[in-house]
Protein chains: 2
Amino acid sequence: MATMLDPQRTIRELQELRTLTADADGAQRVAFTPTWLAARAWFRERLAGLPVNVHQDAAGNVWTTLPGASERAVVVGSHIDSVPNGGWLDGCLGLLAGLEVLRRVCAEHEGKPPVTIRVVDWADEEGARFGKSLFGSAACSGNLDLDEARRLTDKQGVALPAALRHVGIDFERVKESGCERANAAAYLELHIEQGPVLLDLDLPLGAVLGTFGVERHAITFHGQAAHSGSTPMNRRRDAFLAAAKMAQEIYAIAARSGGGVCTIGSCTTKPGIVTSVVEECRITLDQRHLDTAALARMHREAREAATRFAAEGGVDVSWERLWSIAPAPFHPELIAFADDAVRETCGTSHRLPSGPLHDAAEMAMAGVPTVMLFVQSLKGISHNKIEDTRLEHLDLAVRALDRLAEKTMRWVADGEGSH
Amino acid sequence: MATMLDPQRTIRELQELRTLTADADGAQRVAFTPTWLAARAWFRERLAGLPVNVHQDAAGNVWTTLPGASERAVVVGSHIDSVPNGGWLDGCLGLLAGLEVLRRVCAEHEGKPPVTIRVVDWADEEGARFGKSLFGSAACSGNLDLDEARRLTDKQGVALPAALRHVGIDFERVKESGCERANAAAYLELHIEQGPVLLDLDLPLGAVLGTFGVERHAITFHGQAAHSGSTPMNRRRDAFLAAAKMAQEIYAIAARSGGGVCTIGSCTTKPGIVTSVVEECRITLDQRHLDTAALARMHREAREAATRFAAEGGVDVSWERLWSIAPAPFHPELIAFADDAVRETCGTSHRLPSGPLHDAAEMAMAGVPTVMLFVQSLKGISHNKIEDTRLEHLDLAVRALDRLAEKTMRWVADGEGSH
């Protein structure tokens, strides 16, 4: 009965959703907006006729449940919200592929599979409006910092709690979403890669090893403003010179790290005028690695380099932690299943880490055995209207997710997964 | 009769002017303000009893003339205007020292020296309000770009012509100031160094070789924005990396140039967010040298380096000229006189270029034989209330300017200098 799986239907549904919720600039399904609500209503219509129950939890996540002989559940999740001017696949691919898997399981088991299967549409994965990503999954995992989230406002000054109230969510109760994890034995997620790794390897699909841990800091070098004409070069305490040396250094640090990445994303200078040596230069440094020890080493090396460059230039340096998160490695057995599912679907697999965060990281950190599949991203680009994936790769992606779900359901039925 | 020179009087007058025109934040003699007018009125009171005529020219420069047997004139000039929160010596030292020289010449020659001596107070040297320095001297030299100056506005939106009208100057006629150059045979100016060269050499005074030429450009590197987590290091087109390599390179370029200086004064990044590789990075580059060919070579080397760094990083680079000016070398014989005057005054001299521009550059470019003296600046700092010079050095500076003026007057009397 596996022939009931219809990946072309998923592609048609993705196209239909695009027509409904995108404009000339791309997808506009920003969480808590009317377009997002319209997308969710459209998704719910897709469930008509299926023997499922659907409910929205305390954090605004929507759960579609096909009860099985066992209450223990395989959860397939993703998000229908997008960034403004987003791509047509980011998030909704995983959700609609999950729906297709649910349809196949339902048909194959005549509405009563051996274990429960659930599809979750997480609320506000992107954090586009309030600057806090993974809102719904972090509420469910328990990692959400309520005090921090309570203070978030959008550009119009609307506070997150007020925006949630507008869509029927009581901010103070969002962590009650955690009860949804009670029977979650495993969590699966398919997503577009958002990077060029599979593209460079010319592979349709890959098994994801986990999401990178992140160390995110601002580094400020403090020198001395001095007149650009009257100050000899050997008398300068040039904050930009010290900061600029970090640019090449982080490439060396990343190369030594075995798979990590480092990015200086911004640089600001004070006084920042053409006639003065830079007195103060602030750069942001984002470092990511899948391995906790390797991430710590990368961060230590950056600190040592900054101290060295500051000393060379007679300037001072200070650090400010902006954000950090531990790596979220996925479950070894589920990674093996994902690898097998990809190989069975398209001949070759590849294991890769995820640089961006995903809701799957929240589930993994909450102790739910988790894995993801990535499908190739054309141009390696996401969060942009030009985001795209070949239709044949989308077809393969739905098939691979289905195979992964089948393997995972058997595994859970055999008593594996979280209890 | 040279004993009539009283440098201590100059110091007392500088202190009196500070009391009159500074507040807790420093000197406030910004051109065209009431405080500036008050300073000029105070200066004019100092002239009482001297057989001089005083008039304001079409550009607002104030000329104090002691007619000599010959109409050919040695001009001693500087400016009484300051930046906001400026130092107590920048500009007014040269003017009051010039006054003291005029007093000495007047006394020595019983009111009728062999050549005419003139002291000029240039209008708005600093350009603090309208962003255009050397206003009065550029009007006099003829280098002032009227179309450009006509469009200048201050922070309150007041146009330069309106501000000039307020102090009785007709903007459209400012270049009539050029007639003042008719009999100018030589131009002399004493100024605080505004840099640390004499301080480092532990010398009170130096002879200035000329003012640096300047090449001032913005350099923009254009790469590709990419997600900081999902983009492998070897796939990045990092505009910041390319721009940052310029930071060290300009120190090498300056070192090779034989006396030039290079400054990157500002750096801006787009999108400039912590989670993205930098797509566009703009830096400003200010390069200065006393030698035209060396300045051109420095500029060419910077262009070659930027092209090389762009190619290494797979990014593009574009240049925008912000401003440039040719070097203004001073007159060889007057430099020799200045050197002698300093040596006779304090034992040791040093020849050095001027990084900042001065009104003297306008006179030199207009073909008037010109030289400057620099007096040591404590801490090498200027344009700041902490600007200072030892009182004994101020005393020596007035003496050296007087010796230089005496040598120059003899030179002019002998038929040298511009005709």
Side-chain angles (χ1 to χ4, degrees), chain A residues 193-197 200 211-212 214 216 218 226-233 235-236 238 240-248 250-251 254-255 260-269 271-278 281 283-286 288 322-323 354-357 377 380-383, chain B residues 193-197 200 211-212 214 216 218 226-233 235-236 238 240-248 250-251 254-255 260-269 271-278 281 283-286 288 322-323 354-357 377 380-383:
Chain A
E193 184 198 335
Q194 306 183 280
V197 175
D200 284 355
T211 60
F212 277 159
V214 182
R216 193 176 288 170
H227 191 284
S228 62
S230 65
T231 314
M233 303 305 284
R235 281 294 301 254
R236 299 181 176 208
D238 183 344
F240 181 67
L241 176 63
K245 288 180 179 174
M246 291 298 289
Q248 283 185 268
I250 63 165
Y251 279 76
V261 290
C262 302
T263 306
I264 295 174
S266 96
C267 176
T268 53
T269 47
I273 55 176
V274 69
T275 53
S276 175
V277 173
V278 174
C281 185
I283 55 176
T284 61
L285 175 62
D286 178 287
R288 304 190 189 210
L322 299 177
W323 188 66
S354 172
L357 284 166
S377 172
I381 278 175
S382 186
H383 285 191
Chain B
E193 185 198 334
Q194 307 184 281
V197 174
D200 285 356
T211 60
F212 277 159
V214 183
R216 193 176 288 169
H227 191 286
S228 61
S230 65
T231 314
M233 303 305 284
R235 281 295 301 256
R236 299 182 176 205
D238 182 344
F240 180 68
L241 176 63
K245 288 179 180 175
M246 292 298 288
Q248 283 184 269
I250 63 165
Y251 280 76
V261 290
C262 301
T263 307
I264 295 174
S266 96
C267 176
T268 53
T269 48
I273 56 177
V274 68
T275 53
S276 176
V277 173
V278 174
C281 185
I283 55 177
T284 60
L285 176 62
D286 179 286
R288 306 192 186 207
L322 299 177
W323 187 67
S354 173
L357 284 165
S377 172
I381 278 175
S382 185
H383 285 192

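Chain naming here is simple, since letters A, B, ... match the order of the sequence lines and numbering starts at 1 in each.
- Among B:S354, B:C281, B:G380, B:C262, the residue making the largest number of heavy-atom pairs under 4.5 Å with chain A is B:C262.
- Interatomic distance, NE2 of A:H227 versus CD of B:E193, reported as 11.5 Å (0.5 Å rounding).
- Interface residue B:S228: backbone and side-chain heavy atoms are both found under 4.5 Å from chain A.
- Using a 4.5 Å heavy-atom threshold, the side chains of A:V261 and B:R236 count as touching.
- Here B:Q248 contributes atom CD and A:L241 contributes atom CG; the two are 6.0 Å apart, rounded to the nearest 0.5 Å.
- Both the backbone and the side chain of A:Y251 come within contact range of chain B, judged by heavy atoms closer than 4.5 Å.
- Contact between A:F240 and B:A247 at its shortest, heavy atoms only, is CE2-CB, 3.7 Å.
- Counting heavy-atom pairs closer than 4.5 Å to chain A, the top residue among B:G195, B:P356, B:G260, B:A244 is B:P356.
- Using a distance-only test at 3.5 Å, with no hydrogens or angles considered, no donor-acceptor pair links the side chain of B:S266 to the main chain of A:I273.
- Under the 3.5 Å distance criterion, with hydrogens and angles disregarded, no donor-acceptor pair is assigned to the side chains of A:T275 and B:R216.
- Your options are B:T269, B:V277, B:I250, and the one with the most heavy-atom pairs under 4.5 Å with chain A is B:T269.
- Separation of atoms CD1 (B:I264) and CG (A:D238) is listed at 8.0 Å; rounding is to 0.5 Å.
- Residue with the most contacts toward chain A among B:A255, B:G355, B:C267, B:A243: B:C267 (heavy-atom pairs, distance under 4.5 Å).
- Of the listed residues (B:A242, B:P271, B:G272, B:A254), the one with the most heavy-atom contacts under 4.5 Å to chain A is B:G272.
- Highest contact tally toward chain A, considering only B:T231, B:V278, B:L357, is held by B:V278 [criterion: heavy-atom pairs under 4.5 Å].
- Heavy atoms of B:I283 lying under 4.5 Å from chain A belong exclusively to its side chain.
- Formation of a donor-acceptor pair under 3.5 Å by the A:S230 side chain with backbone atoms of B:Q194 is found in this model.
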